[in-house]
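Accompanying notes for the structure given below.
Positions are given from 1, in the same order as the sequence printed here.
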Amino acid sequence: MLYLLRHGETVFNIEGRYQGGCDSPLTARGSAQARCIGAHLARLAPCATLWVSPLPRAQASADLIAAEIAQHTGAPPARQLRTELREIALGDWDGLTRAEMEALAPGFRKRHPRRQWMFHAPGGEPLDAVLARLAQVHRAARAHPGDLVLVTHAFTGRLLRGLHAGLPLEEAVTLTAPQDAFHLLAPDGRVEAIDASARP
């Protein structure tokens, strides 16, 4: 089975900043979210391997998840850094709020389809590059011989779920991106949300 999750809440999440390729630390709530997800995964997939985005907020979340699994199994899970799982880079707009973007480029976001402006951010990562790396990691994940946990981000997570379920881009980008739940990606293309807002 494949399990997909977003990192826990960060300082920039609270401030309404788009993190993209930059970073900010987990909040206390974000750390608790990661621990709760880890406790659920310890029951559902105690022998899973973790594939983790290289960005620090994902690495910090994976540390907490791994600690929960190790508490249950007696050993930390195998873990691999996967650069394909990084968040979409917004270039010059990494770390900015919507208001700050609007001040720099009035009306820019509204000139693009819903939630697709980011693929056109100045100095950012274009859509074809994002989809290519996510298709690559999705193929590798589906070929993995055991349970696998993908620790990633909001937009890369949306696109991965859309890719797995065969959704059109305009639908995939509007999916929710919870930080107190994770998703089961079943072999038949089904995607199931699993609430992890409380410890099991």
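Across P46 and H72, no two heavy atoms sit closer than the pair CB-CD2, 4.2 Å. Residues W93 and A121 come closest through the heavy atom pair CE3-CB, 4.1 Å. Across every non-hydrogen atom of P126 and G124, the tightest pair is CD-O, 3.6 Å. Residues C36 and A198 come closest through the heavy atom pair SG-C, 4.1 Å. The minimum heavy-atom distance linking P54 with R86 is given by the pair CD-CB, 4.0 Å. The two residues G20 and L55 have their closest heavy-atom pair at O-CD1, 3.7 Å.
Counting only heavy atoms from C-beta outward, the side chains of V52 and R82 never approach each other to under 4.5 Å. Two residues are said to be in side-chain contact when any heavy atoms from C-beta on lie closer than 4.5 Å; L184 and L4 fail this criterion. With contacts defined as side-chain heavy-atom distances shorter than 4.5 Å, the pair T27/T10 does not qualify. Between E170 and Q116, some side-chain heavy-atom pair lies under the 4.5 Å cut-off. Considering only heavy atoms from C-beta on, D92 stays 4.5 Å or farther from L104 through its side chain. Looking at heavy atoms from C-beta onward, L2 lies in side-chain contact with L148 at the 4.5 angstrom threshold. Side-chain contact between W117 and F108 is present, with at least one heavy-atom pair separated by less than 4.5 Å. You'll find the side chain of V137 reaches within 4.5 Å of the side chain of L85, heavy atoms only.
Between the side chains of E15 and T97, no donor-acceptor pair of N or O atoms lies under 3.5 Å. No donor-acceptor contact under 3.5 angstrom links the side chains of Q80 and T49, judged on distance only. Q59 and R79 share a side-chain donor-acceptor pair at under 3.5 Å. Side-chain contact, S53 with T152: no donor N or O sits under 3.5 Å from an acceptor N or O.
Looking at S61, its side chain never comes within 3.5 Å of a backbone N or O of H7 through a donor-acceptor pair. Side chain of D147 to main chain of M1: a donor-acceptor pair is present (N/O by atom type, distance under 3.5 Å, no hydrogens or angles). A distance-only check finds no donor-acceptor pair linking the side chain of Q33 to the backbone of S197 [under 3.5 Å]. Counting only distance, with no hydrogens or angles, the side chain of H164 and the backbone of L159 share no donor-acceptor pair below 3.5 Å. A distance-only check finds no donor-acceptor pair linking the side chain of T176 to the backbone of P178 [under 3.5 Å]. Without hydrogens or angle criteria, R133 side chain to E84 main chain gives a donor-acceptor distance under 3.5 Å. Listed for the R57 side chain is a donor-acceptor partner under 3.5 Å among the backbone atoms of C22.
We find the CG-CG distance between L185 and L163 to be 10.0 Å, quoted to the nearest 0.5 Å. From E68, atom CD reaches atom CZ of R35 across 7.0 Å, with rounding to the nearest 0.5 Å. Once rounded to the nearest 0.5 Å, the distance linking OG of S24 with CZ of R17 reads 10.0 Å. Taking CG of L90 as the reference point, atom CG of D94 lies at 5.0 Å (rounded to 0.5 Å). Taking OG1 of T156 as the reference point, atom CD of E125 lies at 9.5 Å (rounded to 0.5 Å). For the atom pair CE of M101 and CZ of R109, the computed distance is 7.0 Å after rounding to the nearest 0.5 Å.
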Checking salt bridge (Lys or Arg N to Asp or Glu O under 4.0 Å) for the pair E102/K110: CA distance, chi angles, key distance, verdict?
-> CA-CA 10 Å; E102 181 66 19; K110 293 183 178 179; over 6 Å; no
Evaluation steps, side-chain contact (heavy atoms from CB on, under 4.5 Å), between F182 and L44 | CA-CA 12 Å; F182 58 103; L44 293 172; 3.8 Å; yes
side-chain contact (heavy atoms from CB on, under 4.5 Å) between I88 and F119, intermediate numbers included = CA-CA 8 Å; I88 299 166; F119 305 123; 3.6 Å; yes
Step by step, work out the side-chain contact (heavy atoms from CB on, under 4.5 Å) result for L41 and I37.
-> CA-CA 6 Å; L41 289 170; I37 288 175; 3.7 Å; yes
Taking it one step at a time, do H138 and L160 satisfy side-chain contact (heavy atoms from CB on, under 4.5 Å)?
-> CA-CA 7 Å; H138 183 252; L160 276 168; 4.1 Å; yes
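Residue R142 qualifies as enclosed at atom CZ: its count of foreign heavy atoms under 6.0 Å is above 12.
Salt-bridge formation is not detected for the pair E87/R6: no Lys NZ or Arg NE/NH1/NH2 atom is positioned less than 4.0 Å from an Asp or Glu carboxylate oxygen. Salt-bridge formation is detected for the pair E192/R190: a Lys NZ or Arg NE/NH1/NH2 atom is positioned less than 4.0 Å from an Asp or Glu carboxylate oxygen.
Hydrophobic cluster membership differs between L26 and L5, with clusters built from Ile, Leu, Val, Met, Phe, Trp and Tyr side chains linked at under 4.5 angstrom. L167 and L150 end up in different hydrophobic clusters when Ile, Leu, Val, Met, Phe, Trp and Tyr side chains are linked at under 4.5 Å. Residues I65 and Y3 share a hydrophobic cluster, clusters being chains of Ile/Leu/Val/Met/Phe/Trp/Tyr side chains in contact below 4.5 Å. Both V191 and V173 are part of a single hydrophobic cluster, where members link through side-chain heavy atoms under 4.5 Å apart.
Among residues two or more places apart in sequence or in another chain, the ring-ring contact (aromatic ring centres under 6.0 Å, His included) test is passed with H120 by H112.
A cation-pi arrangement, defined by a distance under 6.0 Å to the six-membered ring centre and an angle within 45 degrees of its axis, is present between R158 and F155.
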